Peer 1: 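Handing you this structure, nothing more for now.
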Amino acid sequence: MAAPPRWDEARPEHGHRATLARSVRLLSAFRREQSEPEYFYELMARDTVAQLGSYTDLAGATVIDVGTGSGFFARALTSAGARCTGIDHDLSELTAHGVDVPNTLVGSALALPFQTGSVDVCFSSNVLEHVPEPWRMADEMVRVTRPGGTVFLSFTNWLSPWGGHETSPWHYLGGDRAARRYERRNGFPPKNRFGLGLHPVSVSSALRWARANDQVTVLDALPRYHPRWAESIVRVPGLREIATWNLVLVLKKHGS
């Protein structure tokens with residue numbers, strides 16, 4: 001097994017603190033995702049944009065939000081001063097919460113409709129596990145980022161307790177079995193169908209991809225919702241697949 005990439009031990013803060021209280025607040029918010037999606041996604045968006053802002057200046061930056069959905073992250077990025085364009089493959093996702101999302105495009109994350117090296121930041125939250133070729137999407141994010149720019153990529157890894165999304169934790173017995181159980185119990189199939197709209201992506205595969213990509217340097221690889229003192233689990237093979245929950249990769253594209 002390849003060793004994980006080395007990343008800078010000097011972690012920036014700049015207003016974003018990965019405390020235990022923050023972790024409890026974010027994980028508690030998951031219980032309100034279905035009943036109060038606006039509360040959940042706005043909280044997540046504010047926290048994530050603050051996290052991104054600890055690595056790069058967002059004021060005036062050109063940003064692509066890959067898999068923008070209803071635009072919660074795009075609006076938070078805009079509020080932070082960025083010039084943000086969202087892209088999603090599904091028009092219905094753009095209007096799911098009845099909110100007008102400006103500066104959005106319908107297109108594929110596997111072939112981003114932007115020129116090479118054209119943006120300061122390429123951002124994506126919880127989309128990678130929903131595309132059939134995740135590392136092709138990741139390569140596209142690197143391609144459109146300018147030299148010296150930042151790629152922020154997060155996803156829910158398959159073996160985490162939430163890896164099966166609404167079919168969790170039964171996905172540990174197999175994605176197809178979990179989907180069939182969900183449909184028997186609810187009378188309709190899950191939104192995130194295993195093998196169609198949900199794919200098993202691992203922390204190890206993410207680290208291998210990042211290490212093999214000679215266009216980027218890994219600034220950070222960390223469990224998204226954990227306090228800072230728990231981030232070392234990403235370095236432990238096996239444990240990281242279960243305990244990470246959601247991996248964040250922060251990359252800098254080579255060049256000045």
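Everything quoted here is computed from the prediction, not taken from an experiment.
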Peer 1: So, the side chain of R75 versus the backbone of S70: is there a donor-acceptor pair under 3.5 Å, distance only?
Peer 2: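 A pair under 3.5 Å: yes.
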Peer 1: Indicate whether the side chain of R240 and that of S204 have a donor and an acceptor atom separated by less than 3.5 Å.
Peer 2: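 There is such a pair between these side chains.
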Peer 1: For the side chain to side chain contact (heavy atoms under 4.5 Å, CB included) test, which of L58, I64, T78 pairs with C84?
Peer 2: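 Result for side chain to side chain contact (heavy atoms under 4.5 Å, CB included) with C84: T78.
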Peer 1: How about R184 and R180: do any of their side-chain heavy atoms sit closer than 4.5 Å?
Peer 2: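 Touching, per the 4.5 Å side-chain cut-off.
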Peer 1: Using only heavy-atom distances, determine whether the side chains of R46 and S79 contain a donor-acceptor pair under 3.5 Å.
Peer 2: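 Short answer, no.
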Peer 1: Can you label the angle between the F123 ring and the F152 ring as parallel, tilted or perpendicular, going by 30° and 60°?
Peer 2: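 Parallel.
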Peer 1: Given R143 and E140, is the salt bridge (Lys or Arg N to Asp or Glu O under 4.0 Å) satisfied, shown in steps?
Peer 2: CA-CA 5 Å; R143 179 186 66 80; E140 276 291 278; 2.8 Å; yes
Peer 1: May I ask you to check whether H130 and H89 place their ring centres under 6.0 Å from each other?
Peer 2: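 That pair fails the under 6.0 Å test.
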Peer 1: If we ignore angles and hydrogens, is there a donor and acceptor under 3.5 Å between the side chains of T62 and R146?
Peer 2: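 R146 and T62 do not have a side-chain donor-acceptor pair below 3.5 Å.
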Peer 1: Determine whether L173 and L159 fall in the same hydrophobic cluster, where Ile, Leu, Val, Met, Phe, Trp and Tyr are linked whenever their side-chain heavy atoms lie under 4.5 Å apart.
Peer 2: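 They do not share one cluster, since no chain of ILVMFWY contacts under 4.5 Å joins L173 to L159.
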Peer 1: Kindly assign one of parallel, tilted or perpendicular to the pair F194 and W158, based on the angle between their ring planes and the thresholds 30° and 60°.
Peer 2: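 Taking W158 first and then F194, their aromatic rings sit tilted (interplane angle of 30° to 60°).
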Peer 1: How close do E241 and V203 get, heavy atom to heavy atom, and via which atoms?
Peer 2: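 Nearest pair, atom of E241 first, then V203: OE1-N, 2.9 Å.
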Peer 1: Quick one: do F73 and L43 end up in the same hydrophobic cluster if we chain Ile, Leu, Val, Met, Phe, Trp and Tyr together by side-chain heavy atoms under 4.5 Å apart?
Peer 2: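 Result: yes, single cluster for both.
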Peer 1: Step by step, would you call V250 with T150 a side chain to side chain contact (heavy atoms under 4.5 Å, CB included)?
Peer 2: CA-CA 7 Å; V250 186; T150 302; 4.0 Å; yes
Peer 1: Do you know the tightest heavy-atom contact between G60 and D120?
Peer 2: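 For G60 versus D120, the nearest heavy atoms are O-OD2, 4.4 Å.
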Peer 1: Any ion pair linking E231 and R228 (charged N to carboxylate O, less than 4.0 Å)?
Peer 2: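 Answer for the salt bridge query: yes.
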Peer 1: Around W170, counting heavy atoms of other residues, nucleotides and ligands shown, do more than 12 lie under 6.0 Å from its CH2?
Peer 2: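 For W170, atom CH2 is not crowded (no more than 12 foreign heavy atoms under 6.0 Å).
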Peer 1: With a 3.5 Å cut-off and no angle check, do the side chains of N157 and S202 form a donor-acceptor pair?
Peer 2: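 No, no side-chain donor-acceptor contact under 3.5 Å.
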Peer 1: Considering non-hydrogen atoms only, spot the tightest contact between A138 and L153 and give its length.
Peer 2: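 That would be CB-CD2, 4.0 Å.
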